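One structure is given below, encoded as structure tokens.
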Amino acid sequence: MNCTEFEDRIQELLDRGTFTESPGLVSPALAQHLSECASCRTWWNSARTLCDAITAWRDETFEVDLRAGVVAQHLREAPGVPSNAVLTGRSGEPSVQPARPSWPVAAVVPFHSPSASPAGRGDAAARTRWTLLASLAALALLVSLSAVPSFERHEQIAARRSAASLSVAKSSSSLPQNMSDRPADDSPYVALSRQAGGVLAQLFVAGDNAAQPMPAAPAGKAAAGSWFDGLQSQWQPVEESLGNAFDFLWQAGDAHDSART
Amino acid sequence: VTDDEVDLVRGCLSGSEVALQAFVERFQVPVFGLCVRMLGHREDAEDVAQEVFLRAFRNLHRWDQERPLRPWLLAIAANRCRTRLSQRVREAVNLDHLEPALPADRNASRSELAEELQLALEKLREEYRLCFILFHQNELGLSEIARIVGSPEGTIKTWLFRARRELADHLRRRGFVQAADHELHRI
């Protein structure tokens, strides 16, 4: 046996954890090499100590209880996901995937998740309020964008119809050429823009109210419900104003078209 | 994989607090053990172990049911420990406080021996340390370790070999190994 073979043999013994005190018990060849090689004797003794150290090290126990911390944090981070998890099977190897809720569901679920801890519910409520604010802002943007193209579109339609029906060259004053040519203050467009401005103001008020902290109550669901009901009641006049604005816009467009033709 | 594990995972995915707690209770000792051995610092190990479970819960739906849960969790733990160690290097954390003032003692008690081994482990290369812990503490086979570490089995064997060699040398240098001549009488 040479030194390399000796070392390999020692490593095998360490692998199996069957290191013995006496090399003679392991193999006569190993014992023979050990008696002839000083460096391998040192290695043998080191390996024996290492084996003892590994045993003592492995037997050390650590007292730890992570349950409360982990579970609380998990529920805080993802209060709605576990309750929506769905099972999907695939060729004997089923996997479980969380269902992705649609936008309105995602906005409302945190209020109604039975597994949400009180702390988690607070975070979820804040997220929901921001979601509502963002959607209100998006809606306001949509209203303003839909109003501006309508003005231009109606002008263009009126111009085309006017040109077609009269079959004469259009005078330069028949269409507004720039902003100063826009209708006077008493025109329907000014009224429309005033109405749209009112809608936006109401949206901002509703957004502000939505950003208020949810009132504390012993029963979280009850508090969430009353807060949500309050928001709905504030949203109702905004909704009506929006409807009126759209109606007005539509009628104004039609009236403008008929006046042109 | 036992049905028990599958049921446990299903329970966790359904949001059952009882199942989540049972999951943590079942695996916290091996996960925390790996973290504390890798990091050598109890508080760091607790933070990382907690992170491991949170990540596991977030990714339970991706768990391959062909594989037992324990190695899967240990793989997450190994990755988190590596990340934490690399953060330590970047932040140049002074780890001197981990060095105990242990006198070299030939008749060291088991606890001193274990403590010395832990110290030696912390000085090993990260790959060697991980292989050593997974093999000797978590009692995983070479193939399982190879899968966790992402290296060939032969490489794992070499790393384990070198780890033990370095650890044995460390114990000898620190005076924990009895003189070679002493043993000649026992051969």
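Residue numbers begin at 1 in each chain, while the letters A, B, ... track the order of the sequences. On a predicted model such as this, the values are computed, not experimentally measured, just so you know.
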Mind checking whether [X] and [Y] have side chains closer than 4.5 Å, heavy atoms only?
{"X": "A/V70", "Y": "B/F57", "result": "yes"}
{"X": "B/R110", "Y": "A/T55", "result": "yes"}
{"X": "A/W57", "Y": "B/R37", "result": "yes"}

Original post:
Is a salt bridge present between A/E7 and B/R164, judged by a nitrogen-to-oxygen distance below 4.0 Å?
Top reply: no
From [X] atom [atom1] to [Y] atom [atom2], the distance as rounded to the nearest 0.5 Å:
{"X": "B/L171", "Y": "A/N45", "atom1": "CG", "atom2": "CG", "value": "12.0 Å"}
{"X": "A/R58", "Y": "B/I133", "atom1": "CZ", "atom2": "CD1", "value": "13.0 Å"}
{"X": "A/H74", "Y": "B/L20", "atom1": "NE2", "atom2": "CG", "value": "5.0 Å"}
{"X": "A/Q11", "Y": "B/K157", "atom1": "CD", "atom2": "NZ", "value": "9.5 Å"}
{"X": "A/D65", "Y": "B/E46", "atom1": "CG", "atom2": "CD", "value": "10.0 Å"}

Subject >> A/L50: which of B/D169, B/L113, B/L117 passes side-chain contact (heavy atoms from CB on, under 4.5 Å) >> reply: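 Testing A/L50 for a side-chain contact (heavy atoms from CB on, under 4.5 Å) against B/D169, B/L113, B/L117 leaves exactly one candidate, B/L117.
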Original post:
So, for B/R172 and A/S46, which heavy atoms are closest and what is the spacing to 0.1 Å?
Top reply: CD-OG, 3.4 Å
Subject >> Shortest non-hydrogen separation from B/A168 to A/W43 and the atoms involved >> reply: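 Shortest heavy-atom contact: CB-CZ3, 3.3 Å.
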**OP:** Flag yes if more than 12 heavy atoms outside B/E43 fall under 6.0 Å of its CD atom; otherwise flag no.
**Re:**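 Counting other residues, nucleotides and ligands, CD of B/E43 stays at 12 neighbours or fewer.
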Original post:
Going by atom types only, do A/R67 and B/Q28 share a side-chain donor-acceptor pair under 3.5 Å?
Top reply: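 No, B/Q28 and A/R67 have no side-chain donor paired with an acceptor closer than 3.5 Å.
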Quick one: what part of [X] sits under 4.5 Å from any heavy atom of chain B, side chain, backbone, both or neither?
{"X": "A/V71", "answer": "side chain"}
{"X": "A/T61", "answer": "neither"}
{"X": "A/D15", "answer": "both"}

Checking heavy atoms, do the side chain of [X], its backbone, both or neither come under 4.5 Å from chain A?
{"X": "B/E51", "answer": "neither"}
{"X": "B/L121", "answer": "side chain"}
{"X": "B/R165", "answer": "both"}
{"X": "B/F32", "answer": "side chain"}
{"X": "B/F23", "answer": "neither"}

Original post:
With respect to chain A, which residue among B/H136, B/Q137, B/Q118 yields the maximal number of heavy-atom pairs within a distance under 4.5 Å?
Top reply: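 Looking at each option in turn, the highest pair count goes to B/H136.
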